[in-house]
Structures are given as structure tokens and as C-alpha cells.
Amino acid sequence: MERYNFKEIEEKWQKHWDENNVFKTKIDKNKEKFYCLEMFPYPSGKIHMGHVRNYTIGDVLSRYKSLQGFNVLHPMGWDAFGMPAENAARENKLDPKDWTNANIITMKNQLKKLGLSIDWDREISTCNKDYYKHQQTFFLELLEKGLVYRKENYVNWDPIDETVLANEQVIDGKGWRSGAAVERKKLSQWFFDISKFSEDLLNGLDGLDNWPNKVKTMQKNWIGKSFGCEIDFKINGDLPVKKIKCFTTRPDTLFGFSFLALSVDHEISKYYEKDENFIKFKEECSKTGTTEEAIAVGDKIGFKTNLLAINPLNSKEKVPIYFANFVLMDYGFGAVFGCPAHDQRDFDFAKKYNLEIKTVVKPHDKSDTFKVKNEAFSGSGIIINSDFLNGLEAPENSITETIKILEKKKIGKKKINYRLKDWGVSRQRYWGCPIPVAYDKEGKVHPIPKSMLPVTLPENINLNVKGNPLDSQNNWKEIDINGKKMVRETDTLDTFVCSSWYYLRFCSPKEGDYGFNIDDIDYWMPVDQYIGGVEHAILHLLYSRFFMRAINYKNKNFNIKEPFQSLFTQGMVCHETYKDENDKWLSPEDVEKIDGKYFQKGNSKKIVKVGPSESMSKSKKNVIDPEYIIENYGADAVRLFILSDSPPEKDVQWSEQGMISSYKFIQKLWTLHNEIKKKLSNEPMEIFDNEIDEFTNQTILKITNNLDKFNYNVIIANMYETYNYFNNTIKKKNKLNNLKENYKKILICFTPVIPHFSNHCLDDLDFTNDLIWPAYNKKALIKDEINFVIQINGKKRALIKTKKDISEESLLKVIKLDKNINRYLSNYKIKKVIFVKNRLINILIHE
RNA sequence: GCCCUCGUGGUGAAAUUGGUAGACACAAAGGACUUAAAAUCCUUGCCCUUUUGGGAGUGCCAGUUCGAGUCUGGCCGAGGGCACCA
């Protein structure tokens with residue numbers, strides 16, 4: 001027997017799949033479709049283990065669904081616009097396009113070596129003008145529908161990447177890519193009106209039964225719906241403004257009102273612009289505002305105005321108005337009514353400035369003289385000290401009642417507020433999709449006529465400039481529209497716009513007139529299974545849900561709202577981290593383990609400090625190169641290992657030992673295959689063995705269920721069990737009549753995980769027909785004999801083999817023959833017997 | 001502070017959804033083969049007993065049940081998300 005030559009065999013099959021267009025997909029209305037999609041990669045250079053895991057999971061599912069007879073769409077493309085290309089190009093004096101395309105070629109080859117069942121005919125790249133042309137059309141359509149607008153606003157400015165970031169791209173006050181502390185800057189920007197769909201995006205979550213709850217909760221929190229009331233406060237003072245609007249969720253505590261706080265950006269601030277003390281105060285606010293921790297721990301500070309606000313429920317009561325650092329301009333109306341007794345933040349502020357703390361809610365178990373002392377009370381209770389509101393149950397009842405009263409008095413009205421803000425999509429970068437608009441001399445916006453699309457990026461330009469390289473491209477910027485001279489928009493679109501609709505493009509990758517063809521969409525969409533990292537829980541997944549609604553808006557021909565029917569978020573691939581004596585990161589390649597201790601390779605004097613296992617990342621050097629692993633162990637072995645150790649939704653530890661054992665497992669399977677082959681050709685097959693049928697059926701049932709439930713790690717265990725069983729059985733038994741058909745079924749079940757090996761073995765035995773997912777035979781699943789569990793007082797005392805469907809009476813007779821059981825039964829009286837058919841008997845005795 | 005998820009051997013983890021806890025694998029120890037090593041194979045895995053067997057046992061404490069890793073309540077611990085959101 002030859003050793004299993006994975007290199008030769010894997011290459012052979014990959015070539016076969018390629019040359020025969022095995023994974024090419026066409027619409028076939030006689031077949032049920034299955035659209036399996038993994039989040040497409042950014043072409044950063046080489047694939048990493050995270051990709052291997054993500055795409056292996058998707059490939060197992062695709063191959064399984066194909067074998068089940070589905071018409072499977074399993075495409076791949078490139079999220080090809082973005083900063084790294086621009087940075088790399090600047091450093092190496094290259095064109096971002098060349099850098100990107102070279103990476104795409106490398107990574108495509110690497111993905112092919114993994115043996116993925118991808119329809120490469122549908123490959124798309126978002127930096128290709130055939131792609132972004134349609135994105136520009138979408139942009140203009142949204143502009144026409146009023147879903148895109150331009151406004152001057154405070155934005156998140158990333159000083160390292162020198163671009164604006166969306167709220168979703170600021171994590172803990174830092175840029176999601178650069179890690180730089182984000183600054184506030186006022187700029188004119190393009191926005192997508194995502195907040196228009198806040199309610200719909202929230203409601204849509206309820207229908208996403210096959211999404212992880214975690215992701216749904218995150219989106220729900222991000223949308224941040226809250227019920228409340230808007231209230232107009234009259235103000236006393238020497239300003240032309242006589243009214244300030246506030247949003248509150250607790251109008252029922254209005255009698256506890258003791259100050260009104262405004263954002264420093266509130267419109268009233270314009271009357272204080274020349275006040276030196278106010279300018280100083282505003283500066284102080286912007287300083288503390290940069291990091292999240294500063295905000296969380298930070299002091300509440302205020303600037304007292306000479307204005308007074310009048311309590312709308314008691315016009316005699318007048319309270320001071322402050323500007324305060326904790327009031328956000330872009331939530332509510334940038335103004336807060338302060339009730340220190342029942343809001344901790346207001347309480348802190350009141351303590352600092354010695355403001356009145358009026359208790360208006362008491363806990364149920366306290367008397368009417370209850371007074372808030374050391375901290376605000378926000379629990380449930382009864383309204384007190386509030387005139388006609390007294391006695392109401394707080395909070396639910398008192399809030400609705402108060403709103404009714406306020407509405408009657410025309411002081412306020414019911415209001416629902418959302419935390420979700422519009423999506424700022426302007427980026428001051430070169431390597432992105434140009435925004436297809438221009439400005440005339442007056443600065444008025446003109447869409448680029450659709451006939452002039454695409455607006456392509458200028459090529460071979462100097463990237464070594466400060467700010468946006470497109471700004472200095474005068475030839476490119478100047479444009480004639482209908483004889484009028486105009487200047488192009490130089491901002492490009494956030495790359496998350498590209499990924500908001502790419503799954504539609506895969507359905508019609510070559511459609512020239514529009515982004516997609518409606519017939520294709522009708523057949524393929526929605527994505528039946530989407531697979532990717534949880535880091536996009538809010539970003540990409542929310543944007544995509546918005547984008548479908550935006551296309552759908554005022555569009556009778558397009559009915560998709562939810563692009564992803566089911567979502568699966570896989571865990572990360574982790575590895576131990578290593579540092580040398582100077583705390584410099586070391587790569588696993590440079591580390592050697594001798595007798596349980598770690599040293600630098602080739603130098604057993606240099607001790608290596610071992611850190612915790614963390615998600616593989618270039619910066620910590622704890623990466624394993626998939627190409628090296630595939631080269632040395634083969635794609636099947638890598639696929640097997642990456643699935644074997646942990647459930648796919650959890651993080652997995654990379655283990656060299658585990659990898660080797662997966663490799664050895666393939667070799668063992670090969671040895672087994674050859675022994676089975678020898679038996680099949682040498683021995684007359686005359687003995688029909690029930691047990692092997694039963695085992696195979698059990699295995700088919702287990703693997704099928706585990707595939708359906710994404711228990712891919714358990715499938716690997718099932719594969720090991722199968723090997724162990726077959727290996728033992730063929731050693732013990734000869735001339736098995738039903739070995740052949742069972743082995744064939746098993747090989748088919750192995751195909752999704754180890755496609756090269758399984759196809760090779762199937763081919764080797766001329767099993768080339770009817771390669772379909774085996775159905776389990778329910779009759780064969782019912783065993784003739786059952787291991788019956790015998791319990792005495794709920795404790796297992798014996799395991800007895802009996803015929804199936806044995807009755808309670810006969811079982812009791814049988815178990816009396818068991819020495820151990822009889823010891824209990826003959827010495828004690830039976831109180832009660834619990835009998836579970838074909839499974840368990842529990843005998844309760846007096847002791 | 002608020003919300004969510006999760007606690008099972010030395011390790012990664014299984015457990016047909018309330019019915020044999022620890023499948024499958026990694027690591028470890030012992031053994032077989034070998035001059036030796038590698039590779040391969042076998043055995044072991046908490047406590048008591050020579051064995052048959054018995055006891056404890058799924059973070060901790062209670063509860064429901066004939067029976068709880070699984071259900072209920074409380075506590076402890078870990079991870080994640082949001083965070084001056086009015």
C-alpha cells in the first residue's frame with residue numbers, strides 16, 4: 001500500500017473541479033435553492049487562519065446542501081476598497097489597484113488550495129468599476145428618494161487615517177482601524193438617512209429567528225428606542241428665545257424639577273459666544289470629551305446662565321438653567337430637565353452646585369416623608385409631593401398618566417426617541433468609490449447624470465500628500481455638466497457601502513445595466529445562511545439591513561427587507577503569545593518547546609515568556625500561516641483540525657499536536673480504506689451483519705443532525721468513532737455482505753469535511769453513481785437489543801442487555817437473575833417502580 | 001451602572017433536551033515491539049476495596065422530581081456588548 005499522497009490527490013481533485021466547472025451554478029427552477037455566503041475578505045495580502053475557519057464552515061455546509069439535492073449558490077469576492085491599500089501603496093510607491101489585484105491573485109490561489117466549492121465565475125471585486133458603477137447609481141437613486149443628504153455636523157475625526165468615521169466605527173473613543181483617539185470636528189458631510197428606518201430595523205429583528213440573540217440584542221441596544229415625552233419649558237430672561245424643548249422618559253417626576261441643562265452646542269449657546277467664561281467652559285468640555293473613561297468617571301461640570309426655566313406644572317417655580325458637559329447635542333433636543341432625586345447623573349450635578357433635591361417618588365415600603373439622601377432613587381414606587389400626580393404607581397402607570405395630562409394641557413406630547421444616528425458615509429480618502437455629485441459655483445449640489453457613470457478614480461496619482469489625494473487632482477475634479485463648469489465631490493464612500501449590497505451582485509455578477517437583475521434576485525435571495533465574525537454585529541449587518549430598506553423604499557419591484565435569513569457567527573482562532581527577554585513579540589516559528597519549557601529556537605539559553613492565548617494577530621506575531629500548514633499537512637487535514645476542537649461559534653485554540661493528529665487520522669483512514677478495498681475484492685461476500693447496518697444508520701443520523709445544528713466539532717468526533725468501529729469490525733469479521741454499501745454511505749458523509757480524500761476513495765472503489773446524501777433507515781435504527789439501565793432508588797446499579805420492547809413484568813423477572821440487583825430486591829420491599837420503555841427502570845425500595 | 005452569554009477531568013469538549021456524566025481528541029503516566037530512538041499499538045486516569053463492588057462528583061447554596069449538567073430561586077466567578085442616551 002502506498003502512503004496517502006495528499007499533495008498529488010488534492011491537486012488532482014482541485015483541477016478536476018476547476019476544469020469541469022463542478023461548482024458553477026445556474027438558476028434551476030425545478031430545484032430548491034440554497035444561498036450560502038461567508039463574509040467576503042479584504043484582500044490584505046495572504047489568507048489567515050480566521051479565513052480558513054470561516055470558509056471551511058461555509059464549505060462544509062455548501063457541500064452538504066449540494067449532496068442533499070439543493071441548487072447551491074456559494075460565491076466569493078473581494079471587499080477591495082479601503083485604507084490599507086492606500087497606505088501600502090504610499091509606502092511602496094505603487095498604485096493601490098496593483099497592490100490590491102496582486103493580493104487578490106495570491107489569496108484566490110490560497111483559497112483554491114483549501115478545496116472550497118466556490119463558483120469562481122461569479123467572483124466580484126468592489127474596486128472594479130463594473131461594480132462601483134452600480135453603487136453610484138444606487139447613491140443617486142437614494143438621493144432622488146431623499147434618503148441621502150448633506151449637512152454640516154460634528155463628526156468623528158480620525159487624526160491618523162485623516163478621515164471621518166461613522167459612529168459605529170468608533171470603538172471606546174478610538175478609530176476602529178487606526179486606534180487613534182477620535183476628535184470632534186465640524187465638517188460638511190454626506191449622510192444616509194438610516195434613522196428613518198429605526199422602527200422598521202428594530203421590528204425586523206423579531207422575524208430573524210435564526211440569528212444569534214446576542215447580535216439581535218446588540219442591534220436593539222444600538223438602535224436604542226426609548227419612550228417618553230417632549231416638554232416645552234418657558235424661560236425667563238433677556239433673550240429673544242422664550243421656549244426650550246426637552247425630551248424625557250420620566251415626565252412623572254416633573255415636580256422634582258430643579259434645574260435645566262443644555263448642551264454647549266445648543267442653539268442658545270450662540271448668545272454666549274462672546275462670553276469669555278463660556279468659551280473657557282466650552283474648551284474644558286471638549287477636553288474631557290475625548291476618551292470614554294474620562295466621560296464615565298469624569299466630573300459633571302456646568303456653566304450657569306442668568307436664565308430661569310419655569311416648571312410647566314407649577315408656574316411659580318423657577319429653576320436655573322446651566323450649560324453642562326454631560327448633555328449631548330445629538331440626542332433628544334440637546335436639553336435635559338434635571339430631577340436630581342430620581343436620576344443619578346442629575347443627582348451628582350445637583351450635589352456639586354448645591355441645587356435642591358426634591359423627592360417625588362417613594363419606594364412601596366416607605367412612608368410619605370421618605371427623602372432621597374445619598375443616591376438617586378430610580379426604582380418603582382408611588383408618586384408623592386406632586387399635587388395631582390400623588391398616589392400614582394411609578395414608573396409605568398405614572399408616566400402614561402402624566403403624558404395624558406401634559407397633552408391635555410398642551411405642554412408636551414408623547415415622543416419616541418432613538419439613539420441610532422444617521423450614517424455618515426463621506427471619507428476623505430482616495431481608494432474608495434467616488435461620490436457621483438458635483439458642485440456649481442454657488443456650491444449647489446448636482447448629481448452626475450447617470451449617462452456619465454461610472455465616475456472612475458484617476459490613476460497613477462501622487463498619494464504622498466496631506467489629506468485627501470483627490471483634492472489636488474484638478475484635471476479630474478473639473479467637469480462639464482450640460483455645458484456648465486462644475487467641481488466634483490472629492491470625498492469617497494465609506495467601504496461599508498460596498499459590502500451593503502454585494503450579496504445581491506453575486507446573483508447577477510455580470511449584469512451590465514443595473515446592480516442586479518430582478519429575476520436572479522427573486523430566485524436566489526435571501527441568503528439562506530450567512531457566516532462571519534461577530535465583530536460586524538452592528539456595522540456591516542445593520543448597514544446591509546438598512547440598504548435593503550433603502551432600495552425597497554418607493555420601489556414596487558424590490559421586496560427584500562432582510563437580506564440574511566440565518567446568521568452564524570464563528571469564533572476566532574487563538575494561539576499562545578510569546579515574548580523575549582526585552583518584551584518583544586516572538587512568532588511561534590521562533591519558539592521551541594523542550595521538556596515542557598519554552599526557548600528561542602536554536603538557542604536553549606534564551607527563555608521565552610509565554611503569554612495568554614489570544615486571537616491570532618500580526619501585531620502580536622501569534623499567527624500560523626495557513627499556506628505553510630496546507631503545504632505540510634494537506635487541505636483535508638487542516639479542514640478537519642480547524643473544526644475539531646471547539647464548537648464553531650466559540651474561539652478555538654490552535655494546537656500543533658492537534659493538527660498533527662488530524663493529519664495522522666487521514667493516514668489511518670487511508671490504511672482502513674485499503675483494507676476494506678482488499679476485502680471487497682478478495683472475499684466472497686456472504687454474511688449479512690445487522691450490526692454494521694445499525695452502526696452506519698446511527699452515524700448517518702448523528703452526522704445529519706449535527707450538520708443541521710452546526711455542531712461541526714461533534715461531527716469530527718463522529719468521524720473518529722466511525723473509524724474506530726470500522727477498523728475493529730473488519731479485523732474481527734469477514735465476508736460481510738453489506739460492508740460495501742455501508743462504507744459508501746460513510747464516505748459520502750465524510751465528503752463535506754474532507755472532500756479530496758472522500759472523493760478519491762469513492763472514485764477508487766468506482767462509487768461514482770448516486771452520490772447523494774444517504775437517508776437513514778428508521779427501521780435499522782431500532783436495535784434488537786437494548787442496554788437497559790437498572791436503577792435502585794435513582795442510582796444506577798446495573799446495565800442489562802435485553803430484547804427491545806420488553807415489558808415491565810418480564811424485565812423485573814430478568815433483572816432478578818442479576819446478582820447485584822437481587823441483593824437489593826431480596827432484602828428490601830419494593831415501594832414503587834418507574835419504567836421508561838426501552839431505556840430505564842427505577843425501583844424504589846424501603847431501606 | 002444597565003443588558004446579554006457562559007461556568008463539566010490536567011486541557012479542548014460530548015451528553016438523543018429531565019433518564020448510563022465525561023463520547024471524541026490533546027497532554028500525562030505505565031507497558032508491548034525495538035540494541036536504542038522515532039513511529040505504532042495496548043492499559044490507566046477522584047476516594048475506599050485485592051476483586052466483585054461501593055462512595056463522592058458538572059462553580060456554591062437551596063428547591064421541584066422516582067430521577068437534575070439540563071428546570072426554578074438566590075449567591076459567587078469569568079467573558080462580551082452598551083455607557084453621562086435624559
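Each chain gets a letter, A, B and so on, in the order the sequences are listed, and its residues count up from 1. Computed from a predicted model, the values in this text were never measured in an experiment.
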For this session: For A:Lys796 and for A:Tyr720, find the nucleotide of RNA chain B with the closest heavy atom, then tell me which residue's nucleotide is more 5'.
Result: A:Lys796
Seminar exercise, completed: Under a 3.5 Å limit on both distances, the Watson-Crick or wobble mate of B:rU50 is none
Problem set entry | Nucleotide opposite B:rG9 in a Watson-Crick or G-U pair, distances under 3.5 Å | none
OP1 or OP2 of [N] under 4.0 Å from side-chain N/O of [X]:
{"X": "A:Ser226", "N": "B:rA86", "value": "yes"}
{"X": "A:Lys709", "N": "B:rA15", "value": "no"}
{"X": "A:Asn713", "N": "B:rA14", "value": "yes"}
{"X": "A:Arg839", "N": "B:rU16", "value": "no"}

For this session: Report the residues that fulfil ring pair (Phe, Tyr, Trp, His ring centres under 6.0 Å) with A:Tyr418, sequence neighbours left out, ordered by chain and then residue number.
Result: none
For this session: For A:Phe257, check ring pair (Phe, Tyr, Trp, His ring centres under 6.0 Å) against everything at least two apart and list the hits.
Result: A:Phe233, A:Phe337
For this session: Report the nucleotide, chosen from B:rA25, B:rC84, B:rC85, that has the shortest atom-to-atom distance to any side-chain atom of A:Lys300.
Result: B:rC84
For this session: Would you please indicate yes or no on a ring centroid separation below 6.0 angstrom for A:Tyr633 and A:Phe641?
Result: no
Exercise. Heavy-atom count around A:Lys214 NZ within 6.0 Å, excluding the residue itself: above 12?
Worked result: no
Contacts table for residues 794-801 of chain A: side-chain donor-acceptor under 3.5 angstrom, sequence neighbours left out:
from, atom 1, to, atom 2, distance (Å)
A:Arg797, NE, A:Tyr824, OH, 3.3

What is the distance, to the nearest angstrom, from the [atom1] atom on [X] to the [atom2] atom on [N]?
{"X": "A:Asn325", "N": "B:rC85", "atom1": "CG", "atom2": "C1'", "result": "15 Å"}
{"X": "A:Lys664", "N": "B:rC26", "atom1": "NZ", "atom2": "C1'", "result": "11 Å"}
{"X": "A:Asn727", "N": "B:rC41", "atom1": "CG", "atom2": "C1'", "result": "11 Å"}

Problem set entry | salt bridge (Lys or Arg N to Asp or Glu O under 4.0 Å) partners for A:Lys245, two or more places apart | A:Glu230, A:Asp232
Exercise. By a strict heavy-atom criterion of less than 4.0 Å, which residues belonging to residues 336-350 of chain A are in contact with RNA chain B?
Worked result: A:Val336, A:Arg345
Exercise. Using a heavy-atom distance cut-off of less than 4.0 Å, which residues of residues 640-653 of chain A contact RNA chain B?
Worked result: A:Asp645, A:Ser646, A:Pro647, A:Lys650
